[in-house]
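Report on one structure; see the data block that follows.
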Amino acid sequence: EEEGTPAEEISPGKRRRLENGGGPCCEPRVAILADEAHRSHGRGMTVALHDLLCGCAAQPRNTCYVSFTATPSDVSLRLFGVSDHERGRAEPYDCYPLRRALEDGVCVDVLSQYTTATPVVELASPPRAGARPASGDGARRAGSGDARRAGGDGARTTAEERGEEAAFSAKARAALVFVGAALDEAHRRGFDGKAMLVTRSRAACARFVTEMRRLGGAEDIRILCSFSGSLPGGETERTVNCADDVLAAFSEPRRKALLVVCSKLETGFDEPRVCAMVIDRALRGAQAVQTLGRANRAAPGKPPVRVLDFANTAAEVATAFGAFFDARTRRLSGSERREHGERQLAHISARLLTEIADASPRAAAAAAAAAGAALRLLANVRAYEAACESLGA
């Protein structure tokens, strides 16, 4: 029996629910905490979770999701957001926006010293018969476009390969100079700075490490890479790094270090000492904010974050951050609004039936209990009418 309630005053409807283990209004309530909600929920995993909890593909009413993300996607807003049907939008239940986090010093600005660059390389090109040599030693500025204009398939392939190799080496050299200068400045300020390079493939991870070591970068900076699995040649993260634990090697105190990554450690990795980043991969939307967020952790004495970007324009990066600078919302479709109304109507109908079943003569004998039941019934009737009206019923 309920504490403080005599047995004879419990209504038959409520008694039946108590005897049956609580009934639909007293089901065990489940709270699910979802971190990194922009990518951890919304597909097969969510459907499987709902099926486990209630045997259907939709979220059960006795389940509450509490999700966290700095970059809410449309999927995460649909799953976890609050629907404002008057404004026709889904919005976060609570938001601590990037703008305020920057003002409060919770994180640091990664765009204040953002540099975009396109490598320009010099390819030695033997002069054709009868052709006048270019000024200087005959070297010409070349890129992939020049390679494609070379004559013949074999010559074109060779020129493209030479151009790509030269461009890659130029990027590796520029990245080394950039990272070296950033980490030197950090160490002069007494900050134990670290750096990251984000590239476009696992093979490029190993290639950057090899090229940078060839260029002598490993003499002053510990150059490491992190990727999953093995490469076609059999190389793994462990064999390339000659270390069992790449994160332990990267985090070693008072040791300058550069970590090259691809699709690993780009989200969720928390190392506040990262104060320099090199980007050699196209970044859009939430991916840009998440990836560059590896350097936005605040730390005592941290210098301004430096970023060198080979693959994106300043406008593209600004657009990506602009979408998440303040609270992000998502427009509700007409079908979603109607579906929500139908669910609300079904829930209110069930509550009405429960209230009516509880209004037994014995329970109504107590004036206070009757008044409370009447108020609840009136509120549910009004909600029922409003839901019917919204659906055009």
Heavy-atom check, side chain of [X] versus side chain of [Y], under 4.5 Å:
X	Y	result
Asp192	Arg273	yes
Cys107	Leu102	yes
Leu308	Met277	no
Leu231	Arg202	yes
Leu224	Leu258	no
Ser230	Arg238	no
Cys262	Arg200	no
Thr116	Thr313	no

Is there a path of hydrophobic side-chain contacts, each under 4.5 Å between heavy atoms, that joins [X] and [Y]?
X	Y	answer
Val305	Leu292	yes
Val274	Ile221	no
Leu197	Leu259	no
Leu265	Val260	no
Leu111	Leu283	yes

Residues Arg294, Glu266: salt bridge by 4.0 Å N-O rule: no
On a heavy-atom basis, which atom in [X] and which in [Y] lie closest, and how many Å separate them?
X	Y	value
Ser201	Ala204	OG-N, 3.0 Å
Glu237	Ser226	OE1-OG, 3.1 Å
Thr71	Ala286	CB-CB, 3.7 Å
Ser251	Glu271	OG-OE1, 3.6 Å
Cys225	Val209	CB-CG2, 3.6 Å
Ala298	Pro272	O-CB, 3.9 Å

From SG (Cys275) to CE (Met196), nearest 0.5 Å: 12.5 Å
Pairwise distance CG(Asp104) to CZ(Arg100) - rounded to 0.5 angstrom: 5.5 Å
For residues 211-219, which side-chain N or O atoms pair as donor and acceptor with protein atoms under 3.5 Å away, sequence neighbours left out?
residue: Glu211; atom: OE1; partner: Arg214; partner atom: NE; Å: 3.2
residue: Glu211; atom: OE2; partner: Ser169; partner atom: OG; Å: 2.9
residue: Glu211; atom: OE2; partner: Arg214; partner atom: NE; Å: 3.4
residue: Glu211; atom: OE2; partner: Arg214; partner atom: NH2; Å: 2.6
residue: Arg213; atom: NH1; partner: Val240; partner atom: O; Å: 3.0
residue: Arg213; atom: NH2; partner: Ile223; partner atom: O; Å: 3.0
residue: Arg213; atom: NH2; partner: Val240; partner atom: O; Å: 3.4

Atom CZ of Arg173 with >12 non-hydrogen neighbours under 6.0 angstrom: no
Side-chain donor or acceptor of [X] paired with backbone N/O of [Y] under 3.5 Å:
X	Y	result
Asn312	Arg281	yes
Lys302	Val108	no
Lys171	Ala166	no

Pairwise salt bridge (charged side-chain N to carboxylate O under 4.0 Å, His left out) hits with a residue in residues 304-325, at least two apart: Glu185-Arg306, Arg284-Glu316
Sequence neighbours excluded - ring-ring contact (aromatic ring centres under 6.0 Å, His included) pairs with any residue from residues 202-240: Phe168-Phe208
Selection residues 230-277 - residue pairs positive for ring-ring contact (aromatic ring centres under 6.0 Å, His included), sequence neighbours left out: none
Test salt bridge (Lys or Arg N to Asp or Glu O under 4.0 Å) applied to Asp220 - qualifying residues, sequence neighbours left out: Lys256
Listing, residues 317-327 side-chain donor-acceptor contacts under 3.5 Å, not counting sequence neighbours, or none:
residue: Thr319; atom: OG1; partner: Ala315; partner atom: O; Å: 2.9
residue: Asp326; atom: OD1; partner: Arg99; partner atom: NE; Å: 2.8
residue: Asp326; atom: OD2; partner: Arg99; partner atom: NH2; Å: 2.8

Identified side chain to side chain contact (heavy atoms under 4.5 Å, CB included) counterpart of Phe310 within the set Val278, Ile279, Thr118: Val278
